[in-house]
Amino acid sequence: MCDESMEEFSGATGTGASATFPMDVSALRVKGFVMLKGRPCEITEMNKSASGKHGNAKVTIVGEDIFTGQRHEDVVPAEENLDVPNVVRTEYSLCDITSDGGVSLMDDKGDTRDDLKLPEGKLGEEIKVKFEGDGPDLMVMEATNIN
């Protein structure tokens, strides 16, 4: 879940830590993170093509922007390094949705957050329907830059 007031991910940091670090393409995995088209993305698909007669193997990486949900795709040489964003991923149990769209969340330590709103659009509706159903506890995730 993403706070509407959250700032866009950028290369600038205030703590002196780098917003990204290089990683070999062969070390990337689905569900991991990578910068695609300048945006921090969670990898949803990776496909490696065999090396051709005149070149090296290529890897097609498909990812979803961790802040906007937009899909990005890139094709890179298998031996290349790509930037990986420093991301903190926090999971919460969804405790309540208020009539004005506010949400109450609890982390694994029992601490609660009441400062977030339900996302607008399809994602917000999907969360609301699942929360109101009789299914298992609903977990939501917040992804933020380490800074």
Side-chain angles (χ1 to χ4, degrees), residues 1-50 57-78 80-147:
M1 172 173 274
C2 197
D3 184 355
E4 292 176 354
S5 65
M6 184 182 299
E7 292 184 29
E8 289 287 320
F9 183 92
S10 69
T13 61
T15 62
S18 177
T20 63
F21 60 93
M23 182 179 281
D24 190 71
V25 169
S26 64
L28 297 174
R29 300 288 180 256
V30 171
K31 298 271 185 199
F33 298 102
V34 68
M35 296 294 290
L36 295 175
K37 310 287 187 194
R39 300 293 304 166
C41 296
E42 181 175 3
I43 301 169
T44 57
E45 297 176 40
M46 286 185 69
N47 297 305
K48 184 175 180 180
S49 64
K58 302 277 187 198
V59 177
T60 301
I61 302 172
V62 179
E64 186 175 294
D65 189 303
I66 63 174
F67 296 121
T68 67
Q70 187 176 13
R71 184 178 187 267
H72 296 283
E73 183 174 336
D74 205 355
V75 179
V76 295
E80 188 170 305
N81 282 340
L82 290 180
D83 284 335
V84 174
N86 280 317
V87 173
V88 173
R89 185 183 220 168
T90 308
E91 290 189 355
Y92 296 95
S93 294
L94 180 56
C95 301
D96 192 24
I97 299 175
T98 62
S99 59
D100 67 348
V103 294
S104 180
L105 306 172
M106 184 184 311
D107 67 14
D108 60 350
K109 296 175 187 163
D111 297 328
T112 59
R113 286 191 66 177
D114 297 309
D115 61 332
L116 301 172
K117 293 273 188 192
L118 197 62
E120 294 182 10
K122 184 179 177 182
L123 177 59
E125 288 301 317
E126 182 180 336
I127 292 171
K128 191 172 184 177
V129 166
K130 286 183 179 181
F131 179 73
E132 291 171 351
D134 292 330
D137 291 338
L138 184 60
M139 299 295 289
V140 294
M141 189 234 354
E142 176 186 38
T144 56
N145 182 1
I146 62 166
N147 300 309

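These values consider heavy atoms only, across backbone and side chains, with no hydrogens, waters or symmetry-generated copies.
For Asp111, the side-chain contact (heavy atoms from CB on, under 4.5 Å) partners at least two apart in sequence or on another chain are Asp107, Lys109. For Glu91, the side-chain contact (heavy atoms from CB on, under 4.5 Å) partners two or more places apart in sequence, or in a different chain, are Met139, Met141. Residues satisfying the side-chain hydrogen bond (donor to acceptor under 3.5 Å, both in side chains) test with Gln70, not counting sequence neighbours, are none. When the salt bridge (Lys or Arg N to Asp or Glu O under 4.0 Å) test is applied to Glu45, no partner is found at least two apart in sequence or on another chain.
Exactly one of Val87, Val30, Ile66 qualifies for a side-chain contact (heavy atoms from CB on, under 4.5 Å) with Glu42. That residue is Ile66.
For the pair Leu94 and Leu105, the minimum side-chain heavy-atom distance is below 4.5 Å. Counting only heavy atoms from C-beta outward, the side chains of Ile43 and Val62 never approach each other to under 4.5 Å.
Summarising the geometry of Leu36 relative to Cys41, their closest heavy-atom pair is CB-SG, 4.0 Å, with the distance given to 0.1 Å. Between Ala57 and Ser49, the shortest heavy-atom distance links the atoms CB-O, 3.2 Å. When all heavy atoms are compared, the tightest approach of Pro22 to Asn81 is CB-CB, 4.4 Å. Closest approach of Gly38 to Met35, counting heavy atoms only: O-CE, 3.4 Å.
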Start with the C-alpha distance between Lys122 and Glu126, add both sets of side-chain angles, then the distance that settles salt bridge (Lys or Arg N to Asp or Glu O under 4.0 Å), and finish with yes or no. CA-CA 6 Å; Lys122 184 179 177 182; Glu126 182 180 336; 5.9 Å; no

Would Asp114 and Ser104 count as a side-chain hydrogen bond (donor to acceptor under 3.5 Å, both in side chains) here? Give the steps. CA-CA 5 Å; Asp114 297 309; Ser104 180; 2.8 Å; yes

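Screening residues 57-73 for salt bridge (charged side-chain N to carboxylate O under 4.0 Å, His left out), with sequence neighbours left out, gives Arg39-Asp65, Arg71-Glu73.
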Which atom pairs, one a donor and one an acceptor, fall under 3.5 Å between side chains of residues 95-102 and the rest of the protein, sequence neighbours left out?
{"from": "Thr98", "atom 1": "OG1", "to": "Asp100", "atom 2": "OD1", "distance (Å)": "2.4"}
{"from": "Thr98", "atom 1": "OG1", "to": "Gly102", "atom 2": "N", "distance (Å)": "2.9"}
{"from": "Thr98", "atom 1": "OG1", "to": "Gly102", "atom 2": "O", "distance (Å)": "3.3"}
{"from": "Asp100", "atom 1": "OD1", "to": "Gly102", "atom 2": "N", "distance (Å)": "3.3"}

